[in-house]
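What follows is one structure encoded as structure tokens, with my remarks underneath.
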2 protein chains.
Amino acid sequence: MAAQLTRRERERQQHRREVLEAALNLFSRRGFEKTAMAEIAEQAEFAVGTLYKLFKDKNALCRALILDTVQRFERALTAALKAPGSELEKLERYIETKAALFLQHMPTARLYFAQTADAAFVPTAGLNEEARAIHREMLGLLESIFRSGIRKKLFLNIDPRMLALGLEGLTNAFLIELLERPHDFSAETMADSCKTIFFERIHLKGE
Amino acid sequence: MAAQLTRRERERQQHRREVLEAALNLFSRRGFEKTAMAEIAEQAEFAVGTLYKLFKDKNALCRALILDTVQRFERALTAALKAPGSELEKLERYIETKAALFLQHMPTARLYFAQTADAAFVPTAGLNEEARAIHREMLGLLESIFRSGIRKKLFLNIDPRMLALGLEGLTNAFLIELLERPHDFSAETMADSCKTIFFERIHLKGE
DNA sequence: ATAATCTATGAAGAGCCGTTCACTTTGTCA
DNA sequence: TGACAAAGTGAACGGCTCTTCATAGATTAT
């Protein structure tokens with residue numbers, strides 16, 4: 001049973017979490033390559049050797065952290081998309097959830113972006129295949145909501161995949177700006193702009 | 001005069017360019033940290049020592065490459081935005097230029113994204129301050145075009161900075177997808193979706 | 001209390017990579 | 001042509017970082 005672990009096993013899991021938390025802090029500031037195992041160990045108040053008892057090697061530690069991070073975020077976003085409501089309500093909830101989530105967990109958000117955006121350009125030796133699969137799943141869900149909305153004549157008939165990518169890109173752009181300049185905008189302003197740009201016409205006069 | 005360099009100097013510049021080209025290929029595939037100077041040397045058909053005659057150290061080489069890359073892209077985009085025409089025409093030209101540009105220079109585009117997007121999260125020891133300043137300048141230009149369009153009642157009255165960020169994020173999202181799956185979409189389809197999403201209403205029925 | 005088992009430690013090993021420099025080759029100019 | 005300067009070379013060095021492992025400590029079972 002998952003709940004009836006020995007004290008040993010429970011503590012082991014706790015230590016794992018502590019190491020991952022330390023790694024998150026360092027990675028989100030210095031990046032993967034520039035963070036040494038010795039630093040992680042120091043930050044987590046363990047010896048280097050202990051890290052190797054908890055994780056096979058540095059890559060495994062990274063993978064675990066990325067998977068953890070991406071999973072947590074995607075789970076929250078998926079939940080927002082799956083809750084009941086109209087297509088428009090679901091998408092608006094997605095935007096709000098994403099904004100709130102990212103602001104509350106900025107180091108995690110940094111890592112999330114580094115893995116969903118950047119990882120696309122420089123294939124890092126499969127460090128993130130699983131994580132990317134999870135992300136693609138969420139994108140598929142977004143896409144299906146757009147498709148359903150198009151069927152119901154709620155949205156313009158544009159390739160739903162494009163719409164999904166577009167909404168993702170738009171929200172990301174705003175959130176990245178927020179990560180860089182936390183005091184220039186609030187999460188609410190941001191979410192509102194997102195909704196207006198995406199769901200109202202931008203251009204007032206046709207040609 | 002810039003045009004009257006000695007043969008020596010001209011060849012030196014040529015060799016510099018060759019080294020940068022080799023580095024671009026390797027960086028865009030393996031990333032900065034995982035590319036060794038020896039690899040760059042081999043790819044460029046020079047000895048390691050020669051690289052150090054052309055660039056102070058690895059960081060200087062990276063900086064030169066990034067600056068080069070970002071400058072070329074931003075110059076083309078700025079030109080598209082500054083050419084005559086209405087606000088809408090300028091922005092549509094921006095989208096088209098960006099799509100064509102990125103597809104024609106995919107390795108460069110990878111590096112461009114890695115530096116404009118990713119670099120935002122993990123401050124890489126000022127590897128890219130200059131490059132980011134150039135990028136911000138282009139964003140400012142985008143913003144001013146939106147502002148002007150809003151004054152003329154061409155666009156919805158949304159914070160023009162948000163609009164600039166939004167258009168950037170939207171185009172990037174599509175182009176990143178294109179880098180990953182080059183055969184799923186054409187540049188034209190992409191540019192059209194971009195324009196439609198951004199300049200037509202998405203949502204058909206108000207609530 | 002004692003043995004057995006699991007966990008933690010951190011110094012030492014091994015490999016990689018950026019950088020240097022003494023030397024060779026090539027080009028320039030008188 | 002010969003001498004001087006610049007460019008090119010790559011083996012060797014030093015530092016850094018991942019990983020291991022013999023040892024020490026803690027916990028549990030007998």
Side-chain angles (χ1 to χ4, degrees), chain A residues 4-66 122 124-128, chain B residues 1 3-66 122 124-128:
Chain A
Q4 290 200 2
L5 298 168
T6 64
R7 132 162 290 110
R8 277 244 151 99
E9 189 56 27
R10 267 181 286 132
E11 284 184 344
R12 186 186 160 84
Q13 294 301 330
Q14 178 57 29
H15 292 173
R16 249 182 86 101
R17 277 191 295 271
E18 284 173 25
V19 170
L20 288 177
E21 197 190 320
L24 173 62
N25 275 321
L26 293 166
F27 285 160
S28 77
R29 277 186 286 140
R30 271 169 244 180
F32 285 92
E33 341 271 348
K34 289 195 174 174
T35 304
M37 287 298 269
E39 288 179 280
I40 302 173
E42 196 189 12
Q43 174 95 11
E45 293 179 86
F46 283 110
V48 214
T50 309
L51 267 52
Y52 284 85
K53 292 276 159 75
L54 297 168
F55 302 92
K56 189 180 136 280
D57 54 22
K58 194 187 181 187
N59 263 346
L61 196 161
C62 293
R63 256 199 307 274
L65 180 58
I66 292 166
V122 182
T124 333
L127 236 183
N128 39 14
Chain B
M1 276 211 192
Q4 290 201 2
L5 297 170
T6 64
R7 138 164 282 112
R8 271 247 152 98
E9 189 56 27
R10 267 181 287 133
E11 283 184 345
R12 185 186 163 84
Q13 294 301 329
Q14 177 57 29
H15 291 172
R16 249 183 85 101
R17 275 192 296 271
E18 285 173 23
V19 170
L20 288 178
E21 197 191 320
L24 172 62
N25 276 320
L26 292 167
F27 285 160
S28 76
R29 277 185 288 139
R30 271 169 245 181
F32 285 92
E33 340 271 349
K34 289 195 174 175
T35 303
M37 287 298 269
E39 288 180 281
I40 302 173
E42 196 189 14
Q43 174 96 10
E45 293 179 85
F46 283 111
V48 212
T50 310
L51 266 51
Y52 284 85
K53 291 275 158 78
L54 296 168
F55 302 93
K56 188 180 136 281
D57 53 22
K58 194 187 180 185
N59 262 347
L61 195 161
C62 294
R63 255 200 307 276
L65 180 57
I66 293 167
V122 182
T124 334
L127 234 184
N128 38 14

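Here is the naming used below: chain letters follow the sequence lines, and residue numbers restart at 1 for every chain.
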Report summary line: On a heavy-atom basis, the closest approach of B/Met37 and B/Leu51 is O-CD2, 3.6 Å

Report summary line: Taken to the nearest whole Å, CE/B/Met37 to P/C/dT20 is 10 Å

Query raised in the report: For C/dT7, does either OP1 or OP2 sit under 4.0 Å from a side-chain N or O belonging to A/His15?
Result: no

Report summary line: Walking DNA chain C from its 5' end, the first of B/Thr6 and B/Val48 to be reached, judged by nearest nucleotide, is B/Val48

Report summary line: Whole-Å distance, B/Glu9 CD to D/dA7 C1', equals 12 Å

Query - Nucleotide D/dT9, atom C1' - distance to CG of B/Leu54 in whole Å - result: 13 Å

Report task. Examine D/dT9: is either OP1 or OP2 under 4.0 Å from a nitrogen or oxygen in the side chain of B/Thr50? Give yes or no. Result -> yes

Requested in this report: Ignoring hydrogens and angles, tell me if any N or O in the side chain of B/Lys58 forms a donor-acceptor pair with the backbone of B/Phe32 under 3.5 Å.
Outcome: yes

Query - Under-4.0 Å side-chain N/O to phosphate OP1/OP2 contact, B/Lys53 with D/dA7 - result: no

Report summary line: Closest non-hydrogen atoms of B/Glu18 and B/Ala44, given as atom of the first, atom of the second and distance, are O-CB, 4.3 Å

Query raised in the report: Considering only D/dT27, C/dG18, C/dT26, which nucleotide approaches the side chain of B/Lys58 most closely?
Result: C/dG18

**Report entry** Distance in angstrom units between B/Gln14 CD and D/dA7 P, rounded
**Finding:** 15 Å

Requested in this report: State which of C/dT28, C/dC17, D/dT17 makes the closest approach to the side chain of B/Arg8.
Outcome: C/dT28

Query raised in the report: Atom CG of A/Asp57 and atom P of C/dG15: how far apart are they, to the nearest Å?
Result: 17 Å

Query raised in the report: For B/Arg7 and B/Ala38, take the nucleotide of DNA chain C holding the closest heavy atom to each; which residue's nucleotide lies nearer the 5' end?
Result: B/Ala38

Query raised in the report: Could you give the OH-to-P distance, from A/Tyr52 to C/dC6, as a whole number of Å?
Result: 23 Å

Query raised in the report: Regarding A/Glu9 and A/Gln13, is there a side-chain donor-to-acceptor distance under 3.5 Å anywhere?
Result: yes

